[in-house]
Amino acid sequence: MRDYSKKLRRLSALIYAVAIIAMSFLFFTNDFGLVDIRKTAVIIGAGIDLTQNGVAVTAQIAVPQPSENGENTQFIEVEGEGVTVADALNQVNAKTGFFPKLVFCKLIILGESCRNKNIFEILDYFYRDDYTQLTPIIAMCKGSAAELLSSQMRFGNTATVSIERLLSDEAKKSGNASTVNLKMLGKAQYSPSKACFMPYIESSSAAVGQIGQGEQGGSGEQSAQVGSSAQGKSGGEQEFLCNGTAVFADGMFAGVLTAEQTFALNILTSEVRHVFVPCEAEGKTYVLGLRNCQGSVGADAASGKITADFSAVAQIYDVAQPSDPQSAAEGVVPPEVLKGGEEEVRRRIISLLSTLAEADCDALGIKTKLFKFHYSDFGRLKDVILSSEVEANVKLRSAG
């Protein structure tokens with residue numbers, strides 16, 4: 001019996017050794033057909049433009065290269081055209097011989113031509129495709145999405161990488177960009193508000209206008225906060241800004257918010273960390289840094305008013321003329337400066353709400369909150385709440 005157990009242990013050890021050698025051989029000599037570096041193209045960004053015949057999709061593709069060629073990855077732009085997005089992507093496959101994979105797609109840009117159609121008809125493929133995640137950043141641009149993706153950016157290897165940086169969480173937490181992804185977009189659209197928004201990318205040479213117009217422009221103060229230099233197909237350098245916001249009512253384009261209105265949108269709907277706002281007090285121009293920001297917007301069912309609340313801790317970051325070094329070191333913000341900051345933030349909030357009311361676009365989700373917290377009054381107020389009186393409460397306190 002003892003000899004039998006000893007032989008069994010030796011046999012088991014031999015079987016384990018053979019299995020390990022066989023698995024190691026397979027691991028180092030074969031990929032089991034899962035990945036072929038020469039047959040795989042990864043789409044990292046996609047631009048969508050409407051044409052007379054349907055949809056044109058420009059795919060920015062990362063093509064892995066054998067390491068002996070020097071560069072491990074090559075980035076190219078390939079355009080496909082079809083009746084739908086899926087049909088256009090199939091043409092990309094026919095042109096390249098690669099099967100385009102969207103699992104690594106991080107950015108989707110809608111061209112200016114997409115304003116004329118319900119954006120969820122255009123984006124339907126991305127919600128249906130099993131290999132597309134709901135995390136890609138979505139944005140609209142002025143002009144052609146194909147030209148934007150083919151631009152040679154000063155920062156980053158590709159336009160996709162540069163725009164991702166401009167629309168990062170850091171930009172969102174600074175109140176400069178209204179960054180959203182496919183999941184957030186769909187959630188907002190299919191809520192009781194039936195409205196959504198996304199960043200709007202344009203050249204800094206364009207003029208900023210009001211909501212509902214095709215162009216945007218803006219204050220010089222925030223125009224340089226979110227931007228990147230690029231060289232287009234014509235060879236001239238341009239700067240692209242992402243501090244505007246395109247808003248949509250029931251999937252249809254409703255207008256473009258200015259940089260100041262985008263600021264108000266972000267402090268009311270996002271978790272901003274640190275924002276800057278200029279203000280006037282006692283004939284001087286101050287720039288206040290606001291942190292510990294708390295913002296919200298909703299509806300008061302009893303009075304039928306829209307209520308917007310914002311509070312933050314303020315610190316003076318700059319003054320347009322020389323100041324006393326001792327007062328600067330103490331960090332105390334005078335009451336008149338706090339009041340000036342409150343008036344400026346309140347002005348931006350009211351401007352945002354009034355322009356959204358004119359466009360009949362509930363991008364702030366007021367109807368959704370009314371549905372959640374005042375359901376018994378929802379039917380009575382849903383059609384009139386956007387045009388109701390606005391009460392904006394802004395409270396700033398000194399950091400010193």
Side-chain angles (χ1 to χ4, degrees), residues 40-64 73-129 131-133 135-167 181-182 185 198-203 228 230-236 238 240 242 246 253:
T40 302
V42 177
I43 294 179
I44 62 172
I48 303 176
D49 297 291
L50 296 185
T51 65
Q52 294 181 349
N53 299 323
V55 180
V57 176
T58 302
Q60 190 156 68
I61 298 175
V63 183
T73 304
Q74 178 183 359
F75 298 96
I76 60 174
E77 291 80 37
V78 181
E79 182 176 321
E81 187 173 348
V83 179
T84 64
V85 171
D87 192 23
L89 285 173
N90 185 54
Q91 192 177 99
V92 172
N93 183 12
K95 284 184 176 182
T96 62
F98 299 120
F99 182 77
K101 296 180 180 295
L102 287 167
V103 68
F104 296 107
C105 182
K106 300 297 183 182
L107 178 68
I108 300 172
I109 302 292
L110 301 179
E112 190 173 11
S113 58
C114 295
R115 295 179 174 189
N116 303 321
K117 190 174 182 179
N118 190 309
I119 60 169
F120 288 94
E121 292 182 22
I122 302 171
L123 297 173
D124 184 68
Y125 171 80
F126 298 98
Y127 289 104
R128 291 178 179 273
D129 183 34
Y131 298 100
T132 302
Q133 301 184 42
T135 54
I137 296 171
I138 180 87
M140 176 171 277
C141 72
K142 181 177 177 62
S144 169
E147 292 182 2
L148 178 62
L149 285 182
S150 62
S151 300
Q152 300 299 316
M153 296 287 182
R154 179 177 297 178
F155 303 105
N157 295 329
T158 66
T160 298
V161 173
S162 297
I163 295 172
E164 274 188 81
R165 184 180 295 112
L166 300 182
L167 300 178
N181 56 32
L182 282 173
L185 198 73
M198 65 179 67
Y200 187 77
I201 307 171
E202 65 172 335
S203 170
S228 176
Q231 184 176 6
K233 292 182 177 180
S234 61
Q238 302 180 55
F240 290 102
C242 302
F253 176 77

**Message:** So, using salt bridge (Lys or Arg N to Asp or Glu O under 4.0 Å) as the criterion, who are the partners of D87 when residues are at least two apart?
**Reply:**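 With neighbours one apart ignored, the set is empty.
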**Prompt:** So with a 6.0 Å cut-off around OH of Y127, is the heavy-atom count from everything else above 12?
**Reply:**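 Atom OH in Y127 is crowded, with more than 12 foreign heavy atoms closer than 6.0 Å.
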Shortest non-hydrogen contact from [X] toward [Y]:
{"X": "K95", "Y": "E79", "value": "NZ-O, 2.6 Å"}
{"X": "C105", "Y": "P136", "value": "O-CG, 3.2 Å"}
{"X": "A246", "Y": "F253", "value": "CB-CE1, 4.2 Å"}
{"X": "I122", "Y": "V85", "value": "O-CG2, 3.3 Å"}
{"X": "Q91", "Y": "G80", "value": "OE1-CA, 3.5 Å"}
{"X": "L149", "Y": "A46", "value": "CD1-C, 3.6 Å"}

Side-chain heavy atoms of [X] within contact of [Y], under 4.5 Å:
{"X": "I201", "Y": "I109", "answer": "yes"}
{"X": "Y125", "Y": "L89", "answer": "yes"}
{"X": "Q133", "Y": "V103", "answer": "yes"}

**Item:** Option passing side chain to side chain contact (heavy atoms under 4.5 Å, CB included) with V78 (candidates V92, I43, V57, T58)
**Value:**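 Going through the options one by one, the only one that passes is V92.
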**Prompt:** In this structure, which one of K117, M198, R115 forms a side chain to side chain contact (heavy atoms under 4.5 Å, CB included) with L110?
**Reply:**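 The residue from K117, M198, R115 that satisfies side chain to side chain contact (heavy atoms under 4.5 Å, CB included) with L110 turns out to be M198.
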**Message:** Any donor-acceptor pair under 3.5 Å linking the side-chain atoms of Q60 with those of T160?
**Reply:**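 A pair is found: one side chain offers a donor N or O, the other an acceptor, under 3.5 Å apart.
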**Asked** Out of curiosity, T135 OG1 to L182 CG, how far, rounded to the nearest 0.5 Å?
**Response**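 Here the rounded value is 8.0 Å.
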**Request:** Nearest 0.5 Å please: distance from the CG atom of L148 over to the CD atom of E77.
**Result:**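 Output value for this atom pair is 10.5 Å.
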**Message:** Just to verify, what does D129 make a side chain to side chain donor-acceptor pair (under 3.5 Å) with, not counting sequence neighbours?
**Reply:**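 For D129, the residues satisfying side chain to side chain donor-acceptor pair (under 3.5 Å) (neighbours in sequence not counted) are T132.
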**Asked** Partners of E164 by side chain to side chain donor-acceptor pair (under 3.5 Å), sequence neighbours excluded?
**Response**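 E164 satisfies side chain to side chain donor-acceptor pair (under 3.5 Å) with no other residue.
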**Request:** Would you please test I119 and I138 for side chain to side chain contact (heavy atoms under 4.5 Å, CB included) and show each step?
**Result:** CA-CA 11 Å; I119 60 169; I138 180 87; over 6 Å; no
**For F120, all residues meeting ring pair (Phe, Tyr, Trp, His ring centres under 6.0 Å), sequence neighbours excluded** =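 Checked F120 against ring pair (Phe, Tyr, Trp, His ring centres under 6.0 Å); matches are Y190.
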**Message:** I'd like to know if the side chain of E112 reaches the main chain of K142, judged simply by a donor and an acceptor atom lying under 3.5 Å from each other, with no hydrogens or angles considered.
**Reply:**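 Side chain of E112 to backbone of K142: no pair is present.
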Enumerate, atom names and distances included, each donor-acceptor pair closer than 3.5 Å involving a side-chain atom of residues 47-56, sequence neighbours excluded.
residue, atom, partner, partner atom, Å
D49, OD1, A145, N, 3.0
D49, OD2, A145, N, 3.4
D49, OD2, A146, N, 3.1
T51, OG1, N53, N, 3.4
T51, OG1, G54, N, 3.2
T51, OG1, G54, O, 3.4
T51, OG1, E81, OE2, 2.9

